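One structure below.
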Amino acid sequence: MIDLRALRDDPTYREGAVAKGATADTLDRLLADDAERRQLLAEVERLRADANAASKDIGRADPHERDAKIAAAGELKARVGDREAVLEAVSTRVDEAALAIPNPAHPSVPTGTEEAFEVIDVVGGQPSPPPLDHADYGDRMGWTDAERGAAVSGSRFAYLRAEAVLLELALVQWTMQKLVGRGFTPIVPPVLVREDMMVDAGFFPTDRNQVYELEKDELFLVGTAEVPLAGIHRGERLDATTLPLRYVGFSSCFRREAGTYGKDTRGIFRVHQFDKVEMFIWADPEQSWAEHELLLEIEREILDQLGLPYRVINVASGDLGAAAAKKYDCEVWLPSEGQYREITSCSNYTDFSARRLGTRVKGDRGSEFAHTLNGTACAVGRMLVFLMEHAQQDDGSFVVPEVLRPYCGLDLIVPPAAE
RNA sequence: GGAGAGGUGGCCGAGCCAGGUUGAAGGCGCUUCCCUGCUAAGGAAGUAACUGUCGUAAGGCGGUUCGUGGGUUCAAAUCCCACCCUCUCCGCCA
């Protein structure tokens, strides 16, 4: 949720909201309603003060004065109720409008639609495709079985098999170790959460149709560990001296992928279930931009050490999503498609999410909302897709990235004999 | 799944069954000061959060909050309803 006071007082904040698609008209109407709300609030509070005083007086009054005083207090109460109804109507209007306003973009975010992104850096080349694309190679190596996956669970489900499983676990363990070494606390979170957690994490109502629901138990399967990680300090007051609090979660992720029919149908690039190592940071407002750069640095280090060619983009305002004030995407070159595809992304939500989560920081500057950030460390399945193309040799063998070898006990994997 | 107990301020813990100077006793912790020749003991004062408004500020005056949301009442931590959570015993279980 946005900061109405900042919207009122801070021109930069307001410009950021406009960059994200909020019209000046909408903002002005919201601020006018909010002004009315605050005025009504003052009035209602005055009336309530009178009514409270009258009630307190009854407790102290002589018994024979009570009836008269009770009657008078009753009248006061009725007047309060009338004005409260008006206030509530205005407040509801303000809240609804405020919830619809996205988190303003940071001034460093390029303004425009999806294509307006800014390329920050390009690492490595754009190699030509290997003999087999990731989908065919996964089948050839006996690493993926989408056919049986579909028979068991439907399309976009696959079995992961053989060395691919060892590689997956190696990726998880390697990234986990790296992050623990950087002071992150490792977490295996619940993957089923309540509706209010989905709302507070900012995924409902907007992304509700992307989420699997267990109706009988009123629980929802998370699409990312970000959701339960955001819940860790919900409703808490954090001591500024303990920040930043850095967490790294490992979980399976579940996505309905509604509206992607016919898109990325080959292999395991886009599936309903995958595993992911996700970073999440609770930061002091003064630290959050430095923490955002840290997340990017870690993401880049992971790609560098795996030897993947990639570029980093500063996502344009129109493509940020409601919660992010700024977002970097790392996109790895996918040779078979001849284009860069997203592998990781990291966002600074500033105080947008914490306001809804009710997480505050208490420090020298008093009490303010925390800043939250999140970033992908390793989307495991998709990482395997990229590795299957970049580590694949002309003879069909697979060269395991050096850094993963200690974690899976493999260095060169040769394809099984053809049937 | 069955039976019971309980959720109060940074923490512990009274208050609830008789609704009214209780935003909440007491203790711990913390802050400041006094005493003390010294990391002890003692004494005094202060110490919830959020929010509106006025003020340059210190602060003043209000509102809301005793798990959450409703209800009854002039008045609710206290009464009623629903939900959430925690604990104990039994059952089940990787």
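Just so we're clear, the structure is a prediction, and the values are computed from it rather than from any experiment. What you see below is based on every heavy atom in this structure, not just the backbone, and it leaves out hydrogens, waters and symmetry mates. Below, chains carry the letters A, B, ... as their sequence lines are ordered, and counting in each starts from 1.
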Legend entry - Rounded distance in Å between the C1' positions of B:C16 and B:A25: 14 Å
Legend entry - Interatomic distance, A:Arg48 CZ vs B:G62 P [rounded to whole Å]: 15 Å
Legend entry - Nearest-Å distance once atom P is located in both B:G71 and B:A58: 38 Å
Inset, instruction - Rounded to the nearest angstrom, tell me the gap between atom CG in A:Asp200 and atom C1' in B:C84. - result: 14 Å
Inset, instruction - Could you work out the separation of B:A82 and B:C30 based on their C1' atoms and round it to a whole Å? - result: 40 Å
Legend entry - Non-neighbouring partners of A:Thr185 that pass side-chain contact (heavy atoms from CB on, under 4.5 Å), sequence neighbours left out: A:Ile187, A:Tyr247
Legend entry - Separation of the C1' atoms in B:G60 and B:G6, to the nearest angstrom: 41 Å
Inset, instruction - Would you mind reading off the distance between A:Met197 atom CE and B:U68 atom C1', rounded to a whole angstrom? - result: 16 Å
Inset, instruction - Please report, rounded to the nearest Å, how far the P atom of B:C84 is from the CG atom of A:Asp217. - result: 12 Å
Legend entry - Non-neighbouring partners of A:Ala73 that pass side-chain contact (heavy atoms from CB on, under 4.5 Å), sequence neighbours left out: A:Ala54, A:Ile58
Inset, instruction - Using whole Å, report how far CG of A:Leu47 lies from C1' of B:U64. - result: 16 Å
Inset, instruction - Kindly write out the residues that satisfy side-chain contact (heavy atoms from CB on, under 4.5 Å) with A:Asp264, not counting sequence neighbours, or none if the list is empty. - result: A:Phe269, A:Arg270, A:Glu337, A:Arg341
Legend entry - B:A18 versus B:G70 - spacing of their P atoms, nearest Å: 27 Å
Inset, instruction - Can you sort out the partners of A:Phe280 under ring pair (Phe, Tyr, Trp, His ring centres under 6.0 Å), two or more places apart, ordered by chain and number? - result: A:Trp282
Inset, instruction - Pull out every residue in residues 72-81 of chain A that has a heavy atom closer than 4.0 Å to any atom of RNA chain B, ordered by number, or say none. - result: A:Ala73, A:Gly74, A:Lys77
Inset, instruction - Rounded off to whole Å, could you give me the CG-to-C1' distance for the A:Leu219 and B:C84 pair? - result: 13 Å
Legend entry - Cation-aromatic face contact A:Arg148/A:Tyr159, 6.0 Å, 45 degrees: no
Legend entry - B:C74 to B:A5 separation - C1' atoms, rounded to the nearest Å: 35 Å
Inset, instruction - Treat primed atoms plus P, OP1 and OP2 as sugar-phosphate and everything else as base, then score nucleotides 47-53 of chain B 5' to 3': B for base contact with protein heavy atoms under 4.0 Å, S for sugar-phosphate contact only, - for none. - result: --SSSSS
Inset, instruction - May I ask you to say what A:Ala49 touches in the nucleic acid, namely base, sugar-phosphate or nothing, with a heavy-atom cut-off under 4.0 Å? - result: sugar-phosphate
Legend entry - Same-atom distance (P) from B:A76 to B:C17, integer angstrom: 14 Å
Legend entry - Residue closer to the 5' end of RNA chain B, A:Lys69 versus A:Val44 (nearest nucleotide): A:Val44
Legend entry - Integer angstrom distance from the P of B:U78 to that of B:U53: 30 Å
Inset, instruction - Represent RNA chain B in dot-bracket notation, 5' to 3'. Only Watson-Crick or G-U wobble pairs with both distances under 3.5 Å count; pseudoknot-style crossings use [ ] and interstrand partners use |. - result: ((((((((.[[[..)....(.....]]]((((((.......))))))(((((((....))))))).[[[[[..)....]]]]])))))))....
Legend entry - A:Arg182 charged N/C atom sitting above A:Phe184 aromatic ring, 6.0 Å / 45°: no
Inset, instruction - Nearest whole angstrom, please: distance from the P of B:G63 to the CZ of A:Arg83. - result: 18 Å
Inset, instruction - Please report, rounded to the nearest Å, how far the P atom of B:G62 is from the CZ atom of A:Arg46. - result: 13 Å
Inset, instruction - Give every residue pair that meets the salt bridge (charged side-chain N to carboxylate O under 4.0 Å, His left out) criterion with at least one member in residues 236-253 of chain A, sequence neighbours excluded. - result: A:Arg246-A:Glu291
Legend entry - Sequence-distant partners of A:Tyr340, ring pair (Phe, Tyr, Trp, His ring centres under 6.0 Å), two or more places apart: A:Trp333
Legend entry - Any pair counted as salt bridge (charged side-chain N to carboxylate O under 4.0 Å, His left out), so long as it reaches residues 88-111 of chain A, sequence neighbours left out: A:Asp33-A:Arg93, A:Glu36-A:Arg93
Legend entry - Within 6.0 angstrom of A:Arg79 CZ, more than 12 heavy atoms from elsewhere: no
Inset, instruction - Just jot down the side-chain hydrogen bond (donor to acceptor under 3.5 Å, both in side chains) partners of A:Arg161, sequence neighbours excluded, or say none. - result: none
Legend entry - Ionic contact status for A:Arg37 with A:Asp34, cut-off 4.0 Å: yes
Inset, instruction - Ignoring backbone atoms, test whether A:Asn52 places a side-chain nitrogen or oxygen under 4.0 Å from the OP1 or OP2 oxygen of B:C74. - result: no
Inset, instruction - Just grab all the salt bridge (charged side-chain N to carboxylate O under 4.0 Å, His left out) pairs involving residues 374-387 of chain A, residues at least two apart or on different chains. - result: none
